[in-house]
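Note sheet for the following structure.
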Amino acid sequence: TIPGILVKNIFVDKGANSVLQGFESIAGQINVVLKTPADGNRLLLNTYLNSFGEEQYNANFRHRWNRWSTLVSGHLTRPANVRDRDEDTFLDVPQVERYALYNKWQYRNPNEWGKHATISLRYVQEQRQGGQTFFAAERDVSTTNAYGQVVQFAQPEFSAKLGYRLDDYHHFVLQLSGFYHDQSSVFGTTFYDAIHQNAYANAQYELNWRDHYQLKTGVSYRLQDLREDVRFSAADLLDRAYEGVYHKQEYIPGFFVENVSNWYEDRLTLITGLRWDHHHQYGGRWTPRLLLKGNLTPTTVVRASAGSGWRTLNLFAENVNILAGNRNVFIAEDLVPEAAWNYGLNLTHNTYGEHVEAQFSLDLYRTSFENQIFPDYETDATVVTINNFFGTSISNAAQMELGLAFFDRLGLKMAYNYLDVYREVDGKKQQLPFNAKHRVAAACNFEPLTKAWHLDADFHWFGQQELVNAGSDGQAERSDPYSVFNIQFTKVWTKLEVYVGCENAFDFRQLRPIRSWQNPFDPLFDPSNVWGPTKGREFHIGARYQLDYLNK
């Protein structure tokens with residue numbers, strides 16, 4: 001729901017991270033940083049069309065008045081055409097219609113002394129339809145004439161960051177955010193409606209002392225109210241017993257403190273953080289985090305991290321595939337928060353030549369769960385069991401990456417990822433499904449000195465994945481290895497760029513991935529084992545137009 005032309009940066013934090021980000025992050029987080037109103041193109045337009053008929057239109061506009069600046073962004077997606085290449089009567093590409101509007105205001109630079117503010121408003125409305133090709137919502141909803149999925153939601157959001165910088169040493173910040181999510185959905189003869197309200201406040205004091213010590217401390221408060229309503233139509237003939245209203249309310253005040261210390265001319269950095277949060281139902285919980293960075297040489301950096309995290313489950317919102325199938329759901333006990341410890345090590349080495357630059361990195365991470373809630377699909381092919389798991393549950397991850405740059409024109413990057421995710425049940429190691437143990441990725445980009453065009457390509461290979469209900473009813477025990485290759489060429493003029501590309505150029509498809517697709521209202525109907533692309537090769541074309549810069 002975030003258009004690409006609105007994104008400034010995407011940061012991937014691996015392992016434990018700052019306690020300022022909250023208590024929920026267990027094994028890292030993705031931080032999407034949106035463009036600011038202060039700098040960049042005054043006007044940026046983008047249009048996109050792919051070979052399935054999906055259209056996208058985006059626009060960014062910036063303006064400045066004295067110390068205020070604003071960014072307004074709009075997004076529209078029009079649905080793709082009906083497509084069913086494998087002739088299983090189900091759509092290969094969901095039909096999506098989306099409208100989004102975003103507006104951010106900024107008052108002064110936050111690094112300047114005095115007051116500063118950033119205020120953002122966002123609204124997203126989407127309708128997504130899948131299911132059988134001959135499903136018509138106005139005719140077939142709540143019947144067994146055809147199987148269809150229709151998901152509609154509207155979500156307004158608000159966020160604000162208000163600050164006052166006394167001088168170079170003292171800074172006060174107040175952060176406020178909230179959203180309201182109103183969703184109505186149908187999956188065959190299952191109706192799912194949800195209203196999710198979330199509000200968050202964070203008051204923080206920052207102290208910078210002698211250029212090598214920084215203290216951040218403050219209080220936070222989170223309010224969450226999620227009401228999920230599951231019901232079945234009169235035409236439903238399945239004996240399912242999880243109909244009802246699932247209501248979750250949370251009130252979580254918290255306190256946090258974090259120290260950042262730099263020694264030996266910033267060659268060694270230590271971040272220690274601790275937060276305490278009180279859940280109104282589960283009581284108080286401590287969340288410690290430690291991050292260490294050391295510059296072994298000017299070109300070699302090692303990082304280590306350790307910390308804990310915990311989170312409560314949003315049952316159906318996070319496991320919507322349960323609703324898409326016809327399994328019964330059995331919640332075996334009261335569900336308590338998930339909790340885990342994460343430990344990580346990263347080594348990065350850079351080499352610089354006259355016309356060549358190289359970077360090598362190695363990541364090793366381990367997540368050990370104290371409690372994990374993962375739906376059990378295996379015990380019964382017609383039932384999903386939800387319960388706590390307090391036994392041994394481990395995720396081990398390793399990644400090696402090599403990046404090369406030649407003459408500031410050609411860039412190459414290659415990576416190998418190993419992922420071992422398992423539980424120990426009755427003394428035996430049990431792999432969790434849908435995690436490829438081995439993955440390979442590569443990327444290449446080329447831009448001539450004239451910068452009149454550039455070429456970008458990437459390749460991804462996925463190894464086998466464990467599937468659910470392996471071997472039953474003709475189902476495969478594991479997925480097939482597969483690869484995806486994407487390429488795009490962009491021609492650049494002063495204010496205009498035109499790009500053409502191809503995604504999944506080798507046209508790999510997982511054929512007829514839905515179990516019992518011939519009988520979508522049968523108890524065994526289940527789309528849970530979708531592990532690869534289903535739509536095949538996709539061509540696209542688009543154009544971007546930009547009008548001068550705001551800071552000129």
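Any value given below was found using the heavy atoms of this structure, including those in side chains, with hydrogens, waters and symmetry copies removed.
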Exercise. Take Arg122 and Glu157, measure what salt bridge (Lys or Arg N to Asp or Glu O under 4.0 Å) needs, and give me the verdict at the end.
Key: CA-CA 5 Å; Arg122 182 168 176 258; Glu157 296 181 16; 2.9 Å; yes
Report yes or no: does [X] contribute a side-chain atom to a donor-acceptor pair with the main-chain N or O of [Y] at less than 3.5 Å?
X: Arg289; Y: Leu20; result: no
X: Lys35; Y: Ile5; result: yes
X: Asp167; Y: His170; result: yes
X: Asn198; Y: Gly178; result: no
X: Thr70; Y: Lys104; result: yes
X: Gln399; Y: Ala415; result: no
X: Asp420; Y: Lys437; result: no
X: Arg98; Y: Val124; result: no

Compute whether any side-chain donor of one residue and acceptor of the other, for [X] and [Y], lie under 3.5 angstrom apart.
X: Asn342; Y: Thr367; result: yes
X: His75; Y: Thr77; result: yes
X: Glu497; Y: Tyr499; result: no
X: Thr1; Y: Glu126; result: no
X: Gln249; Y: Asp225; result: yes
X: Asn60; Y: Ser73; result: yes
X: Asp363; Y: Asn346; result: yes
X: Tyr200; Y: Asn202; result: yes
X: Asn103; Y: Trp105; result: yes
X: Gln183; Y: His196; result: no

Check this for me, if you would: do [X] and [Y] make a salt bridge, where the nitrogen-to-carboxylate-oxygen distance has to be below 4.0 angstrom?
X: Glu112; Y: Arg67; value: no
X: Arg78; Y: Glu97; value: yes
X: Asp229; Y: Arg227; value: no

Quiz item: Within 45° of the ring axis of Trp493 and under 6.0 Å from its six-membered ring centre, is that where the NZ or CZ of Lys491 lies?
Solution: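 Pair Lys491/Trp493 counts as cation-pi.
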Practice problem: Assess Arg423 against Phe389: is NZ or CZ under 6.0 Å from the centre of the six-membered ring, and within 45 degrees of the ring's axis? | Solution: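 Yes, cation above the ring, under 6.0 Å and within 45°.
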Quiz item: Going through the distances and angles, do Thr351 and Thr299 end up as a side-chain contact (heavy atoms from CB on, under 4.5 Å)?
Solution: CA-CA 7 Å; Thr351 301; Thr299 59; over 6 Å; no
Holding to side-chain contact (heavy atoms from CB on, under 4.5 Å), I want the full list of residues that pass it with [X], two or more places apart in sequence or in another chain.
X: Glu250; result: Gln224, Lys248, Ile252, His279, Thr312
X: Thr217; result: Tyr205, Phe255, Val257
X: Phe434; result: Gln465, Leu467, Val468, Asn529
X: Gln29; result: Asp13, Asn17, Gln21, Ser25

Quiz item: Taking atom CZ of Arg409 and atom OG1 of Thr450, what is their separation to the nearest 0.5 Å?
Solution: 9.5 Å
Exercise. Give, for atom CG of Leu71 and atom CG of Leu6, the distance between the pair rounded to the nearest 0.5 Å.
Key: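 One finds 6.0 Å between CG of Leu71 and CG of Leu6.
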Quiz item: Does anything in residues 296-313 pair up under salt bridge (Lys or Arg N to Asp or Glu O under 4.0 Å), and if so which pairs, sequence neighbours excluded?
Solution: Arg311-Glu318, Arg311-Glu338
With a 4.5 Å limit on heavy-atom distance, are the side chains of [X] and [Y] in contact?
X: Lys216; Y: Ser18; value: no
X: Asp277; Y: Arg222; value: no
X: Tyr192; Y: Val151; value: no
X: Val302; Y: Leu345; value: yes

Would you call the rings of [X] and [Y] parallel, tilted or perpendicular if under 30° counts as parallel and over 60° as perpendicular?
X: Phe446; Y: Trp453; answer: tilted
X: Tyr251; Y: His280; answer: perpendicular
X: Trp65; Y: His63; answer: perpendicular
X: Trp209; Y: His212; answer: tilted

Self-check item: Leu419 versus Ser395, closest heavy-atom pair with distance
Solution: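 Answer, listing the atom of Leu419 first, then Ser395: CD1-OG, 4.1 Å.
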Self-check item: From CA spacing to verdict: side-chain contact (heavy atoms from CB on, under 4.5 Å), Asn41, Leu547
Solution: CA-CA 6 Å; Asn41 303 100; Leu547 181 63; over 6 Å; no
Quiz item: For the rings on His438 and Tyr418, is their centre-to-centre separation under 6.0 Å?
Solution: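 Distance test on ring centres: under 6.0 Å, yes.
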Quiz prompt | Qualifying ring pair (Phe, Tyr, Trp, His ring centres under 6.0 Å) pairs with a residue from residues 343-372, counting only residues at least two apart or across chains | solution = His355-Phe407
Quiz item: How about Asp408: does its CG atom have over 12 heavy atoms from other parts shown lying under 6.0 Å from it?
Solution: no
